[in-house]
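Note on naming: letters A, B, ... go to the chains in the order of the sequence lines (proteins, then strands), and numbering restarts at 1 for each one.
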Protein chains: 2
Amino acid sequence: MQTVLKALAHPMRRDILAMLRAAPCNASQIADKFDVTKPTVSGHLNILMDADLISQVRNGTTLTYHIRLSVLEETLGGLMGMFDIGNNNEKNGN
Amino acid sequence: MQTVLKALAHPMRRDILAMLRAAPCNASQIADKFDVTKPTVSGHLNILMDADLISQVRNGTTLTYHIRLSVLEETLGGLMGMFDIGNNNEKNGN
DNA sequence: ATAATAATTAGCCAATTGCCTAATTAGGTA
DNA sequence: TACCTAATTAGGCAATTGGCTAATTATTAT
């Protein structure tokens, strides 16, 4: 929860996630889209990895990154639960 | 979106919101619950105010804080929309 | 072994965060 | 006015964040 929300608190990281939502990408492809250097992208990818929001698959010299949607869903669900909003209106079983 | 997510990225601020979700409170009541000084709480409340996540109502010398649930809902909805998750499965009108 | 490419880690720096104490503002009351 | 309480703003400090360049690791190909 904490690491995920911290990861989501940076706009570039959200945009990276949105990009990976559309299709898996490698670090160079990502760096091409965002006007920063590769090491900067790598840093953001590390943070997203720590939050379990993405996973990586090596294919030769390139690492392809995939979004882990379930983690995103669980976190947003957890937040909604914390404030009792969104997930229909089955507030509490009696 | 950005200011809201930054505000949500701190656990004490989420806990303050959860407290206000249960009932409106003033700054002293909040400071009593969290083992930090009042100025620290005040700083967090400022950040939550900037994000429009709370509003304040003066009543004499005390300020009572209220959660603004709609902002929370819109932000979480926006996030879900950004990643196309959660809000049922009406993905796109054809 | 050497070279080339993909990507990372290391190290530096400015800006921000988060906390504290001290000082100030706002409102109510004797 | 003077005083008291609620709460904020001001200012300082250590830790974190987010960016960069330079150096390193990992894999493949010649």
(request) Please report the closest heavy-atom contact between B:M1 and B:T75, naming both atoms and the distance. (result)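 Where B:M1 meets B:T75 most closely, the heavy atoms are SD-CG2, 4.2 Å.
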In whole Å, I'd like the distance from the [atom1] atom of [X] to the [atom2] atom of [N].
{"X": "A:L45", "N": "D:dG18", "atom1": "CG", "atom2": "P", "result": "14 Å"}
{"X": "A:D50", "N": "D:dG18", "atom1": "CG", "atom2": "C1'", "result": "15 Å"}
{"X": "A:L63", "N": "D:dT25", "atom1": "CG", "atom2": "P", "result": "17 Å"}
{"X": "B:I30", "N": "D:dT8", "atom1": "CD1", "atom2": "C1'", "result": "14 Å"}
{"X": "B:Q29", "N": "D:dA6", "atom1": "CD", "atom2": "P", "result": "11 Å"}
{"X": "A:K38", "N": "D:dG19", "atom1": "NZ", "atom2": "C1'", "result": "17 Å"}
{"X": "A:N26", "N": "D:dT27", "atom1": "CG", "atom2": "P", "result": "16 Å"}
{"X": "B:I16", "N": "C:dC19", "atom1": "CD1", "atom2": "C1'", "result": "14 Å"}

Give one of base, sugar-phosphate or nothing for [X], where a contact means two heavy atoms less than 4.0 Å apart.
{"X": "B:S28", "answer": "sugar-phosphate"}
{"X": "A:V41", "answer": "nothing"}
{"X": "B:T37", "answer": "base"}
{"X": "B:F34", "answer": "nothing"}
{"X": "B:T62", "answer": "sugar-phosphate"}

Is the backbone of [Y] close enough, under 3.5 Å, to the side chain of [X] for a donor and an acceptor to pair up by distance?
{"X": "A:E74", "Y": "A:V71", "result": "no"}
{"X": "B:N59", "Y": "B:T62", "result": "no"}
{"X": "A:R68", "Y": "A:S55", "result": "no"}

(request) Among D:dT8, C:dT8, D:dA6, find the nucleotide with the atom closest to the side chain of B:P39. (result)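 So the side chain of B:P39 is nearest to D:dT8.
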(message) So if I take every side-chain heavy atom of A:T40 and compare against C:dA6, D:dG19, D:dT8, which nucleotide ends up nearest?
(response)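 Taking heavy atoms from C-beta onward, the closest nucleotide is D:dG19.
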(message) On the nucleotide D:dT8, are OP1 or OP2 found under 4.0 Å from the side-chain N or O atoms that B:Y65 carries?
(response)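 Yes, B:Y65 has a side-chain N/O under 4.0 Å of OP1/OP2 on D:dT8.
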(request) Before giving the answer on side chain to side chain contact (heavy atoms under 4.5 Å, CB included), spell out for B:L20 and B:H66 the whole-Å C-alpha distance, their side-chain angles and the decisive distance to 0.1 Å. (result) CA-CA 6 Å; B:L20 296 180; B:H66 301 254; over 6 Å; no
(message) Heavy-atom nearest nucleotide on DNA chain C for A:K6 versus A:N46: which residue maps closer to 5'?
(response)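 Whichever sits nearer the 5' end wins; that is A:N46.
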(message) Between A:A9 and B:T61, which residue's closest nucleotide on DNA chain D lies nearer the 5′ terminus?
(response)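 Counting from the 5' end, the first nearest nucleotide belongs to B:T61.
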(request) Select from A:R58 and A:H44 the residue whose nearest nucleotide in DNA chain D is closer to the 5' end of that strand. (result)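 Looking at the nearest nucleotide for each, A:H44 comes out on the 5' side.
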